[in-house]
Amino acid sequence: MDYVYGPGKNHLFVPGPVNIPEQVLRAMNRNNEDYRSPAVPALTKTLLEDVKKIFKTTSGTPFLFPTTGTGAWESALTNTLSPGDRIVSFLIGQFSLLWIDQQQRLNFNVDVIESDWGEGAKLDVLASKLAADTEHTIKAVCIVHNETATGVTNDLSLVRRILDEYRHPALFLVDGVSSICALDFRMDDWGVDVALTGSQKALSLPTGMGIVCASPRALEASKTAKSLRVFFDWKDYLKFYNLGTYWPYTPSIQLLYGLRAALDLIFEEGLENVIARHRRLGQATRLAVEAWGLKNCTQKEEWFSDTVTAVLVPPYIDSSEIVRRAWKRYNLSLGLGLNKVAGKVFRIGHLGNLNELQLLGCLAGVEMILKDVGYPVKLGSGVAAASAYLQNNIPLIPSRI
Ligand SMILES: Cc1ncc(COP(=O)(O)O)c(C=O)c1O
């Protein structure tokens, strides 16, 4: 019995975990299997090949860890770096803050470049640090591609250009947890050394799989990196890859079949179409926010995120009350403001297996809630702005043309 039952479907608009498509749910609804039978390695082989496509890499080596994004972070760091290594990391919101905390607890010497929440990474400061670092003491640059707490997307191609400009050999480590498979992400083109994501975000799977992809340079670095690692050691995985059995310990069989189904759906839609859909969802949401007369937490257009929008509320409103009411009255789940922006923003997650009409339902709900909490919004204004844009921009569904 579901003790928090509400009629109809819950409108899940937190920026992860996101909606799981029916096809994926059905694919996962199966018994356990012997992972040492020939079937599981055969399935794993296709997954490792196909997962490279969502990172846009041909030379990278993927690892499917039974973990979350936080574990994927740890895997990226401990396999490539040694305690005491100097790394540059950008603090722009709650998730970059948590990653930095992990970096410090793993005993790296973290050079933090901080921005106001709502702003992107200060890449000019990175440039001056790299310029001054003629001895190449900086071993890695760590960046969160899409800061889920503030809805800020950083320009990774620019990070690569800066590294190249100073011919700096630092490894380029990227958290793509709320970007990969939703935003334009190009591991090979941008010379990313380790990229990672979590299953519960744009892949629209349950939580429980952290996907880490290592460049040849990162694999090379792992041979000398001295950080203590056991569960997340790439070496153990590589050993089993070579044996063709793939798993150093027990994988979640259900998640493997789920990943197969999730990738099939993404490829059927077309990765570029998936990315374009997220662009539409992001733009429609921003138009609604503007029509409501509210501000985006993201300070400049160049950083607007197409997977999450953090909406600033006027000081007389507590944004947590919006999130509470959404759930209690409308069966709508919105994201809370976190840490520095707690009470000041609420977040609309628009990523994963989601279509435009679902988003309009969410926007209609937000309008009613805004009215509930005393904000003078004209009901229908955001929905009208979003749907006017969407009506002009939604293409035919690729598989139905
Ligand atoms: C950008 C980003 N990185 C990392 C994480 C941490 O992932 P997890 O909660 O799966 O450990 C999150 C979680 O929301 C995130 O949004």
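Atoms within a ligand are numbered from 1 in the order they appear, just like the ligands themselves.
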Could you tell me the residue and atom name of the protein heavy atom closest to atom 5 (C) of ligand 1, and the distance to it rounded to 0.1 Å?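 Residue, atom and distance for the closest contact: Phe95 CD2, 3.7 Å.
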Looking only at protein heavy atoms, identify the closest one to atom 3 (N) of ligand 1 and say how far it is in Å.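 Ranked first by proximity to atom 3 (N) of ligand 1 is Asp175 OD2, 2.6 Å.
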Strictly under 4.0 Å, does any heavy atom of [X] approach an atom of ligand 1?
X	value
Asn146	yes
Glu147	no
Trp99	no
Gln200	yes

Run the numbers for me: atoms of ligand 1, each under 4.0 Å from some heavy atom of [X], listed by number.
X	result
Trp73	3 (N), 4 (C)
Thr148	1 (C), 2 (C), 15 (C), 16 (O)
Thr68	8 (P), 10 (O), 11 (O)
Lys201	13 (C), 14 (O), 16 (O)

Mind checking what makes side-chain contact (heavy atoms from CB on, under 4.5 Å) contact with Leu390, not counting sequence neighbours?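 With neighbours one apart ignored, the set is Arg280, Ala284, Glu356, Leu360, Ile394.
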Quick one: side-chain contact (heavy atoms from CB on, under 4.5 Å) partners of Pro21, sequence neighbours excluded?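 By the side-chain contact (heavy atoms from CB on, under 4.5 Å) rule, Pro21 matches Gln23, Val24, Ser204, Leu265, Asn353.
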State whether the side chain of [X] and the backbone N or O of [Y] hold a donor-acceptor pair below 3.5 Å, judged by distance alone.
X	Y	result
Ser319	Val345	yes
Gln299	Cys297	yes
Ser89	Val110	no

Passes side chain to side chain donor-acceptor pair (under 3.5 Å), Asn296 versus Arg286? Steps please. CA-CA 8 Å; Asn296 199 317; Arg286 290 188 288 273; over 6 Å; no
Pair Asn32, Gln254: side-chain N/O donor-acceptor within cut-off below 3.5 Å: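 A pair is found: one side chain offers a donor N or O, the other an acceptor, under 3.5 Å apart.
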Geometry only, no angles: is Gly69 polar-contacting ligand 1 at N/O separations under 3.5 Å? yes
Pick one of side chain, backbone, both or neither for how Thr70 approaches ligand 1, counting any non-hydrogen atom pair under 4.0 Å.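 For Thr70, the contact with ligand 1 is made by both the backbone and the side chain.
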Between Glu22 and Lys9, does any side-chain N to carboxylate O distance fall below 4.0 Å?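 The answer is yes: the pair qualifies as a salt bridge.
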